[in-house]
Structures are given as structure tokens and as C-alpha cells.
Amino acid sequence: MKNVYDPQEIEARWQGFWEEHRTFRAPNPGEPDFDADQPKYYVLDMFPYPSGAGLHVGHPMGYIGSDIVTRKKRMEGFNVLHPMGYDAFGLPAEQYAIQTGQHPAKTTEVNVATYRRQLKLIGLSYDWSREFATSTPDYYRWTQWIFARLYDRGLAYQTEVPVWWCEGLKTVLSNEEVIGGRSERGDHPCVRRPLKQWMLKITAYADRLLDDLGDVDWPESVKTMQREWIGRSEGAEIEFAIADHEGETLKVFTTRPDTLYGATFMVVAPEHPLVAALVTDEQSKEVEAYVQGAAVKSDLERTDLAKDKTGVFLGAYGLNPMLDAGDPEARVPIYVADYVLMGYGTGAIMAVPAHDERDFEYAQKFGLPIRPVVRPVDGDASSEGCTSNDGVSVNSPAWDGMPTEKAKPRSIAVLEKRGCGAGKTTYRLRDWLFSRQRYWGEPFPVLHHADGSTSRVPDEALPVELPEMQDFAPPEDGSPPLSKATDWVNTTHPSTDEPVLRDTDTMPGWAGSCWYYLRFMDAHNDQEPFSHDAVRYWQNVDLYIGGTEHAVLHLLYARFWHKVLYDEGLVPTKEPFQKLFNQGMLTAYAYKDPTGRLVPVDEVEFDGDTAKSGGQELEQVIAKMSKSLRNVVNPDEVCKEYGVDTFRLYEMFMGPLSDSKPWNPRDVPGCRRFLDRVWRIFVDEDGTDPVRPQFAQADAPPSALEGDTLEVERALNRCLKRVDDAFKHFNFNTAIAAFMSFLNEAKPREAITRDQAERFVRALSPFAPHVSEELWSRLGHDESVARAPWPEVREEFLVEDQFELVVQILGKVRGRAQASKEASKDDLEEIARAAVAEKLDGREIVKTIVVPGRLVNFVVK
RNA sequence: GGGGAAGUGGCGGAAUCGGUAGACGCAUCGGACUUAAAAUCCGAAGGGCCGUAGGCCCGUGGGGGUUCGAGUCCCCCCUUCCCUACCA
């Protein structure tokens, strides 16, 4: 038997073993080896988009963390579902395909193979039998099927909407994919255009998406982001009549109906339908130019930091419904300005410059009157400046003297009575723009009839497969690539044989990830998306691990679909992801020369601790891994040089899973040294026995432990306790530190018994599974350590009878003494006094604080 | 502008409750082994001061406060990172 620690050999062999024995397969209800008494636990990683670059060391951080949890849960007797797949539809594959002429199905396949190889290399204990990619017809058939459910419920509709059109990508993008007027992917400029698009009515679920956040165990920061994204705000809609336009009214939304008397002008968005009707001849030229400008050129400026308010007077006047039409104060000018957005509320506002910062700015710039109608609780209304704080209403006859929280409902009641307004809740959340004019996505299972009506493809005719196309580049006119597949587009209705046209849009990249966690429960079902039995057993995801970048979009979309499926009676739970954990970002070191230039890592020379380049000393800073800095680390190389187990340990040893932290290549060997030491404790590298003789025989029962072996037992239990604790907060760095400490403490090595060694290996196995399997097997076990029981902490060995008593004078440590855990407060004080006797000499003790088991503090004069 | 997270040695980080700051690891230095080196093993080490044993002072971004005692709690400020951006 080869006795030198050889990670390459051990790791390849055990990965082969796991594959051969299907060690990590999770049986489903109905399968022969399914045990209904075993509790379930579902640990899910946010599955990757398989890019051409493969994994870098940042990606597997969360995967390793979840794998450790998974492996421990398995050892604790849970039936653990831990699958992996690929989010394989999307823009980058298609862009790459267009550039290289390769079909995206082909490049996706190649990329998936790379990801699979790398994921397997890391020894992640997925149930690979459940693996799938969202771009295969077997999967997207059911994505289309779920879309059909949304369609049937009226939650999917087509409408002409002004959408972000990206000329560079030749597609529409959702609001979320456009940042500052440029595409998130590729950074191309975008413009707004009216186009017919598929929308999903996520707004119908706004309240439930908001309220049910109370039921999930998620980081507060993510919940907050979702709440703000949904952005529920309560207020009122108020109708303003328009002077000289009989019958025409302008409806506004406000959260401060109590400030209605302070409205001194109104503003409508440039896209507001009434702009054309209200503008006077005199103003028409200027208004037209402004509206044009807002639509075309100002995409950047409108969202830009340039908060300088612009706008144009329409020439028309609104009439404040609370004032007599003849009152000159009732007549308020109406402006068109781009700080009001068509997509929110009614696209029109009443402007109350005394109590709204934005209106105040506008009023200042255009010299409009400012009329305060709220005074601070303890002061007078100031005629200058602006405050949006609550206070007490003034100059508001119908609710004068009322505090803001009372004035709001009161004003709504008054408006309702007069028939010119009503309470109203609006949301920042918009309906979800769900179509893309692209090739590489799920086709919509929808047929267009000659009379302009639509129907959906019957369920039994799914999937609607993507047609094979050679040229899938978007046509110049902006029509979808699928429109070029004329044989595919022109078809007949499966039931009626009527000639119909297929819908030529495809679904956005988010679609496939909306329900993949459900498909994993029953990944190869060809009758339904997932069986009732499977989802009844697996329920939902117990632990979902991924990065914060999905805090809003993916998690909100998936929750939305889940709730629709809940309403369909297809899932038993209201929420898909019970506990969410965000791993931190992996950064890297970068080096700055004295001029502040970042120096690529391969140009840096290390002289001990100081980094240099061309004789200049460099400053070490933390930066993202990037190609340009050449500081991207590939897991393949790390695994090759040090071994997979070392790689896994280092990824976890860097710090808490939730923290962002820098990869330091110089720290990696420390983890390898630890594994070398573990190996040598078990195995005599110069010998030929599988393990050292002391581990080859059975031990005395733990109750008979004494001497050094007893000390080892204590150290082991301290270690196991700290390892258990690490799972509470996912700070596995402390677990690994505990293993290292145990090694430092367990001396002499000969005192370690076989039983202790076995428990150590079992505890180590989720972290360093390959070397643990090898040692476990060398200890004489035929079965994988993956199913061995998790070692329990034996509390009786955590109890220490002695401790080091700290003696303080005025809160500063002035001495130490050994004391018994049993000692009374008086005893401890006595011991402490003796320990610092000469320092207390001549000083008067005013007070003594005794903390049993810890310290004594003398307060002296 | 708004929201969130964080700031501890040369570096990554540790410190359930307010109770020995710096565990564990890296880098560094010293010793053992070796012809030598590597590897390994043992040991030192926050900073400053007092010739030493030992002791004293300072020290968790800065400044105040509460407390016998603060990395931890409260107030003010600074810095970094992430998210968000006229949502009426």
C-alpha cells in the first residue's frame, strides 16, 4: 500500500467510487430504497449560467459551503436533496454564437461540459442523476406549460408598451436590465420605443409578495430590497378639473392628500396622453420639442445625475377641487416635465413645493409660488424652504389644525364625498416585461389567428421546439429572429387544422430559473413538470445559497411563479425558499504603484513582504478578480497543485461564508500542511500498514479514559463543539481552526485512540471528503464515510474542573491564579486577593466584583 | 441624495452573555534534524518604555458617554465596499 499522502490519486479514486456507488443519490417517494421515515432536507445552490470562461475560484465558494451543510445533514440521517443544473438560455450564448457562427446549442453544450467537469472536480456531493439544463426541450416544455397556466389565468397578456430597445443587442430589455440608459450586458445605449410585448401581471401578486416576506428566514437586507422594489405606497388619486376644458380632468396620485391646499402647479410626464389635448397653440412648439427631446435623446439625461429640473408650461390650468373655481388660488398652471414618470401612479402630479423637495426645486427654478400648508408640531409654518416632515395642517379649511396622520384620512374622506378623489395604493413594481426578440430562449406556446385573436398551444402539443436555424442573428428591422423561420412560423392549429402563425418572441433568461428548484424534485418526469408525490415530500427549498446579485429579480420572479403554482394547487407551500443565505464576494489582491496605477499581478515581484515592480514599491489593495489585472484564479490549477481537499479547506478557511474576502495564494499551502499533518497522524509514511498500529485495534470504552487519552478526549470534544457551532452562522473558518487546534492539543500522538480518530475523521469529512474517505477506509470500513453517523459532542468531557482565574484591579489584569470551577465566590475572592496581595498593599478596596468561572475585579481607592 | 454591510497585528481572520483582545493560519525570526538545502518538528512574536527576571504605559477607524469592566452597549464623526437612484 502506498503510504504517502497523494491527493491526486486519492481524490480521483474516491470520486470514481462515489460515481460508481451513486453515493449521493437521494431516493424519491415511490423508489425502492425510499424511506418515508427519513426527514427531508433540500439544499440548493443558485445554479450557474454556463459561460465560456468556466469557473473561477469565486463561484464554488457558496457551492462548497452548501456541500458541507449537505454532507453533515446526510450524516445526521436526513434524506438530502442536493442537485445541480445549468441556467442555459440567455443573451451571452447568443451573442457569442452570432460572433463566431456557432450554434448556441453547441456552445452551451461545450460550456456545460466544462462546468460539469469542474463541479465534479471539487467533489461536490450532488445527486447528479437530477442534473439538467434549462435549454433542453425536456425542460422548457414544462416552462411553456407553466406559462400556459399563467396565460389561462389572465396573468400573461400582450400589449403595446414603451419599452427599452437596445440597438446594439437588437432586443428589448426589461427596466431592470437597463442601467442609466445603457444595457446591463454589453453597455450599449438604449432608447424607448412602443412595441407589442408579452407582459406578466406580477403586480396582481404585489401584496402577497410583500406580506409573505414575513414567513421566510431571509437576510433582513434582502427583504428590505424586495420591499422597496415592490414599493407599496398609500395615498390618494385626486381629479383636477381643467380650466376652459369642459369635462376634461387630470388625475394625479399623491401620498400627501393633506397638502392639497398647497398645490401651486401641476406636472405631467412627457408621455402623458393629455399633453396634446391641453397644450395651447402658443405653447405647442416648445412643448412638442420638449416631449420629443425627452423621448429620444434624454434617455441618459433623464436618469442621469443631472438632477437639474427641466420642463415647459402647457398653457393650461388645473382647478384645485378644494377651492372655489373662481378663487384665483384654485387656478394652477400645468407643466410638462420629465421628473414625472409616466410609469408610476397616473403620470401626473399636483406639485406642493412647500412640502416636496422635487417640487420645491422646480418651483424655485421656474419662479412658482410656494404655499406652506403644514406647520411643525412645535412651531409656525415657515414661508421659506421646504419640509416633507409630518406636522399640523394649516391654511387647509377642511382639515385645519389636524396632525398629518389624521389629516391624510380626513382629506381622502372629504375628496370621496365630493366625488373628486379616492384613497389609492400604488406600487413601484410594474408588470414584468416577459418577451425578448431573440433566438436563444423558450418560444411562447401561443398561436396567432387570422382574425387577430390568439390562442395557446394545447398542453399535449408541447413543447414548441425552437426551429433549427443557421442564421439566428436579429434582423435589421428589429423583428425577432424566429420570424425568419417561415416554415416554423406558418403552421396549423393542432386541434382545428386552421392555419395560424406562431408567436416569434422568446422568454427572457429569467424564465427557466423561476421553477428549476421544483423540477429537481422529479427531474425526468415526462408526464408532468413534477409529480404530486415528489413535491408533497420535498415541499420547498430549506436552504438556498447564492450571491446578493439575485436579491431582487430572480428571487422575486421565482416567488411570483411559485405563488401562481400554489394557486393552481400544484405546490403545497406559499414560498419557494425557506431560508436564504448570501455568500460574500471573492476578491483578490491588486497592486498600485506610486502613481496610483494598478499593476497586473504577473508583473509584481515579492521581496519578503514587500511587493515591487520595476524597483518601485507597490501598495497592496483589494480589487475584484479581473482579466486585465491577471489576478483571476482557476480552481483547476489550485486543485492540481495542492489537491481538492486543500482547495475546499482554503475556500472555507478564508473567513465567514457571508463575508467578502480576498484570495491570497500565499495562504493556500497552510491548509495543505494541515492535511499533511492529519495524514501523518494516521499513517506511517515510511511503513506499509494502512494505519498506524494504535488505530488498528478496538479501544477501551470512553468511561475508562485516563491520562493523556482523557486529555485528547477533552480536546476532541472541544473541537466537535466548535465545529457544530460553526454551522449556525456558516463561519466554517472557525470549524477548520478547531480541527487545527485539536491537532495542536492532541499530544502525545500515541495517546489518540482508534475511536477518537474515527470521530475526528467523521467530523472532518464534510470539509475534506476525499482524504476522509481514504482514512475511513484505511481504518477498516467498507461503507462510505458519507453515511457514517455525525459524531456527537459528549458534554461530560467539556466540563473542566480547573480554570485560570483572572484577577483585575480597576479593570486591568494584574494577576492570574488557578481555581476550581466549584469554588464559591468567597473562595475566589480569597484566591484573587492572595494572587495580587502586594499590589493591593496600602490600598483600600471599595468594591469587589466576582464573576464565577472567569474573574475577580478589585475596585480600589 | 437614499438604503445596507463593514473597519481588530505585516496579511486573512478569532473573541455565544459586556469579563484574559489578537484563537487558527499565512508571512517573519530563532532552534533541532541535515554535509547542505527542502520538507518536518520545537519555539518566539501587537506597539512602546524601564539595563534584566519581571514590571509599567498605549492599543480593536477617530472623538465623547454608560459601566467595577467596552472590540462588544449609546451619541457624534471619518473611511471603504455593495445596492439604489427624481416612485409624487
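Here is how names work: the chains are called A, B, and so on, in the same order as the sequence lines, proteins then strands, and each is numbered from 1. Only heavy atoms go into these numbers, but all of them, side chains included; no hydrogens, no water, no symmetry mates.
Spacing between atom CZ of A:Phe739 and atom C1' of B:rG25 amounts to 15 Å, rounded to whole angstrom units. Rounded to whole Å, the distance from NZ on A:Lys812 to P on B:rC58 is 4 Å. Whole-Å rounding puts the A:Phe803 CZ to B:rG19 C1' distance at 12 Å. Distance, A:Lys309 NZ to B:rA88 P: 14 Å, rounded to whole Å. When the P atom of B:rG25 is taken as reference, atom CZ of A:Phe674 falls 10 Å away, rounded to whole Å. Distance A:Arg256 CZ to B:rA88 P: 12 Å, rounded to the nearest Å. Rounded to whole Å, atom P of B:rA88 lies 23 Å from atom OH of A:Tyr335. In this entry the distance linking CZ of A:Arg854 with P of B:rA21 reads 12 Å, nearest Å.
A stem is defined here as three or more consecutive Watson-Crick or G-U pairs, each with both distances under 3.5 Å; for RNA chain B these stems are B:1-7 with B:78-84, B:10-12 with B:24-26, B:28-32 with B:40-44, B:46-50 with B:54-58, B:61-65 with B:73-77.
By the 4.0 Å N-to-carboxylate-O rule, A:Asp725 lies close enough to A:Lys728 to be salt-bridged with it. Checked for salt-bridge contact, A:Glu829 and A:Lys825 miss the test: no charged N lies under 4.0 Å from a carboxylate O. By the 4.0 Å N-to-carboxylate-O rule, A:Glu745 lies close enough to A:Arg718 to be salt-bridged with it.
For A:Phe253, counting side-chain heavy atoms from C-beta on, the closest listed nucleotide (B:rA88, B:rG12, B:rA23) is B:rA88. In this structure, the nucleotide among B:rA88, B:rU40, B:rA15 sitting nearest to the side chain of A:Arg673 is B:rU40. Side-chain proximity of A:Lys747 to B:rA27, B:rC42, B:rU16: nearest is B:rC42. Checking B:rG12, B:rG19, B:rG3 against every side-chain atom of A:Thr224, the shortest atom distance belongs to B:rG3. In the set B:rA14, B:rG13, B:rG19, the nucleotide with an atom closest to the side chain of A:Pro662 is B:rG13. In the set B:rG12, B:rC26, B:rC68, the nucleotide with an atom closest to the side chain of A:Arg666 is B:rC26. Among the nucleotides B:rG4, B:rA23, B:rG12, the one closest to the side chain of A:Ser221 is B:rG4. Side chain of A:Tyr339, nearest nucleotide from B:rC41, B:rA27, B:rC86: B:rC86. Comparing B:rC86, B:rG25, B:rG3 by their closest approach to the side chain of A:Glu228 singles out B:rG3.
Residue-level contact check: A:Gln808 touches the bases, meaning some heavy atom is under 4.0 Å from a base atom. Using a 4.0 Å heavy-atom cutoff across all strands shown, A:Tyr589 reaches sugar-phosphate atoms only and no base atom. Across all strands shown, A:Arg814 has heavy atoms under 4.0 Å from sugar-phosphate atoms exclusively, and none from any base. Within the nucleic acid shown, A:Lys424 has no heavy atom closer than 4.0 Å to any nucleic acid atom. Among the atoms of the strands shown, only primed sugar atoms or phosphate atoms (P, OP1, OP2) are found under 4.0 Å from some heavy atom of A:Ser233. Nucleic acid contact for A:Pro669: none, since no nucleic acid atom lies under 4.0 Å from a heavy atom of the residue. Using a 4.0 Å heavy-atom criterion, one finds that A:Ser660 contacts the sugar-phosphate atoms exclusively. Using a 4.0 Å heavy-atom cutoff across all strands shown, A:Asn744 reaches sugar-phosphate atoms only and no base atom. No engagement by A:Glu357 is indicated, since no non-hydrogen atom pair under 4.0 Å with the nucleic acid exists. A:Asn857 comes within contact range of at least one nucleobase, with a heavy-atom separation under 4.0 Å. Counting non-hydrogen atoms under 4.0 angstrom, A:Val806 reaches a base of the nucleic acid.
Nearest heavy atom pair, residue A:Val340 against residue A:Ala269, reads O-CB, 3.2 Å.
Pairs engaging residues 807-821 of chain A under the side-chain hydrogen bond (donor to acceptor under 3.5 Å, both in side chains) rule: none recorded [sequence neighbours left out].
More than 12 heavy atoms of other residues, nucleotides or ligands sit less than 6.0 Å from atom NZ of A:Lys661. Taking a 6.0 Å sphere around NZ of A:Lys223, one finds it holds more than 12 heavy atoms contributed by other residues, nucleotides or ligands.
Side-chain rings of A:Phe767 and A:Phe739 approach one another, their centers coming within less than 6.0 Å. Centroid-to-centroid, the aromatic rings of A:Phe366 and A:Phe265 stay 6.0 Å apart or farther.
B:rC17 has its base syn relative to the sugar, with a glycosidic angle deviating from 0 by at most 90°. Nucleotide B:rG47 is shown with an anti base, its glycosidic torsion being more than 90° from 0.
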